[in-house]
Amino acid sequence: MIDIPLTADLVRGALELERTERGLVPHRLPARARAQNSDPRLALAEAQPAGVRLRFRTRADVVELETLRTKQVYAGAPPRPDGVYDLLVDGELTAQASVAGGRTLTVDMATGASSRTEGPSGVVRFAGLGGRPKDVEIWLPHNELTELVALRTDAPVEAVPARRVWLHHGSSISHGSNAASPATTWPALAATAAGVDLVNLGFGGNALLDPFTARALRDTPADLISLKLGINVVNADLMRLRAFSPAVHGFLDTIRDGHPDTPLVVVSPLYCPIHEQTPGPGDFDHEALAAGVVRFRATGDPAERAAGKLTLEVIRDELARIVAQRQAEDPNLRYLDGLELYGEADFADLPLPDDLHPSPAAHRRIGARFAESVLAGG
């Protein structure tokens, strides 16, 4: 086996690679943005490598990737499954595996307190790939912190030429919640179908119009940018309509400072009954949690919409209005109604398992629709 240096041209989808004593930690926000963040949930989310993958060309029959994982455990909740590594060969999902060992991060959802235990690195091994030339991608677990320790193959590798870059920002749905594996989150499926390079800045619970996220989007090269906004602003109960509209304008202004002409798509929320007409904050359904079931609920009062509280219906109307207003001076700006990706009929067919996040089958439907609506035809 050959030890392959883990260089930036082999790691796609990360904005920064942090060098550690063991290897590399992929980050989806740069150091300057991380320094301005005070939310531990965002710190955790941006370090989970959703959309990050190793991509190279090789004749290797065997590929080994050594990593040190950090598995997140919620105290009192059902055990979370191990993170999955997806192997794609020439764009086709051909194998999956998980690693053992690693660290465990235990989080108390009631208090936010956490504790960590240490463990050894593990190796994921893919064999029987054949000696022909091929493009290989290893998608890292979207829901586990992953430190890259070593890459080994039985034949040399070379970097694959860059493709068009799709830069996306969104919530936990874009991050991949409830998806079966990292290559089957809806953004990954859409990117693979369209043959583009994905940079996924979907952060669970943290699509909140943060200025440092806007600057990260501004400074990242891209051929297409999409922003899926709304659900986190509602379920975090973060702002009222008076603050939301200027914040959206400011977010778009910052991105346009670095991408004045890049096609930019603003996507409104998918259908989610608990928040369609009911404001946040969102919360766990604690009765369901006591029975070992993760489910979410809305706790706001619909009557407070008159005072500016936000619901998904309010946000869709406001995003459509903002985009229509800006299009007079920005012809490369587009609005996509999230209900076209997942609407009421889709909910009847493919319900949200936890009342908030799509099922694996719904991720496939959303990814196919986005690829057809936005990414097809260049």
Side-chain angles (χ1 to χ4, degrees), residues 166-175 177 185-187 190 200-210 213-214 217 224-253 255-256 263-280 282 298 300 302 305 308-327 330 332-347 350 352 355-358 362-363 365-375:
W166 167 33
L167 176 61
H168 176 69
H169 170 56
S171 67
S172 59
I173 299 171
S174 299
H175 190 139
S177 288
T185 67
W186 80 259
N200 185 0
L201 304 189
F203 304 128
N206 280 280
L208 294 173
L209 300 169
D210 290 313
T213 300
L217 291 158
L224 168 71
I225 302 170
S226 57
L227 311 172
K228 189 175 169 301
L229 304 174
I231 184 65
N232 289 156
V233 178
V234 172
N235 59 26
D237 193 28
L238 187 69
M239 58 183 71
R240 303 294 186 266
L241 183 60
R242 168 62 179 84
F244 175 73
S245 301
V248 172
H249 278 295
F251 204 81
L252 293 172
D253 286 344
I255 294 170
R256 280 304 190 212
L264 175 56
V265 183
V266 175
V267 187
S268 65
L270 308 179
Y271 184 71
C272 180
I274 64 172
H275 281 304
E276 288 296 319
Q277 298 180 343
T278 303
R305 287 179 295 171
K309 270 217 172 186
L310 296 171
T311 68
L312 298 188
E313 290 182 350
V314 171
I315 279 183
R316 288 192 198 97
D317 289 343
E318 188 63 8
L319 288 177
R321 185 194 69 80
I322 289 171
V323 171
Q325 173 188 338
R326 296 177 66 101
Q327 282 175 325
D330 190 348
N332 292 315
L333 180 66
R334 173 184 169 188
Y335 172 74
L336 175 62
D337 189 338
L339 299 180
E340 296 181 21
L341 300 176
Y342 181 90
E344 189 171 0
D346 299 299
F347 175 79
L350 299 171
L352 305 173
D355 293 332
L356 185 61
H357 304 102
H363 270 276
R365 182 173 294 182
I366 296 163
R369 287 178 176 172
F370 190 91
E372 181 179 1
S373 176
V374 178
L375 301 178

Nearest non-hydrogen partners of [X] and [Y], listed with the distance:
X: Asp355; Y: Ile274; result: O-CD1, 3.5 Å
X: Phe251; Y: Asp210; result: CE1-O, 3.3 Å
X: Cys272; Y: Leu356; result: SG-CD1, 3.9 Å

Of all residues at least two apart in sequence or in a different chain, which pass the side chain to side chain contact (heavy atoms under 4.5 Å, CB included) check with [X]?
X: Pro273; answer: Tyr271, Phe347, Leu352
X: Ala362; answer: Tyr342, Leu350, Pro358, Ser359
X: Glu313; answer: Glu276, Gln277, Arg305, Thr311, Arg316

**Message:** Measuring only between side-chain heavy atoms, which start at C-beta, is Leu310 closer than 4.5 Å to Met239?
**Reply:** yes
Tell me every residue that passes ring-ring contact (aromatic ring centres under 6.0 Å, His included) with [X], counting only those two or more places apart in sequence or in another chain.
X: His357; answer: Phe296
X: Tyr335; answer: none
X: Phe370; answer: Trp166, Trp186

**Request:** Measure from the side-chain N and O atoms of Lys309 to the backbone N and O of Pro302, and report whether any donor-acceptor pair falls under 3.5 Å.
**Result:** no
**Asked** CG of Leu270 to CD1 of Ile231: how many Å apart, nearest 0.5 Å?
**Response** 8.5 Å
If the condition is salt bridge (charged side-chain N to carboxylate O under 4.0 Å, His left out), which residues does [X] pass it with, not counting sequence neighbours?
X: Asp253; answer: Arg326
X: Asp346; answer: Arg365, Arg369
X: Arg334; answer: none
X: Asp337; answer: none

**Item:** By side-chain hydrogen bond (donor to acceptor under 3.5 Å, both in side chains) - contacts of His168 (at least two apart)
**Value:** Ser174, Ser226
Could you pull out all donor-acceptor pairs under 3.5 Å where a side-chain atom in residues 201-208 meets a protein atom, sequence neighbours excluded?
unit_1	atom_1	unit_2	atom_2	d
Asn206	ND2	Gly204	O	3.1

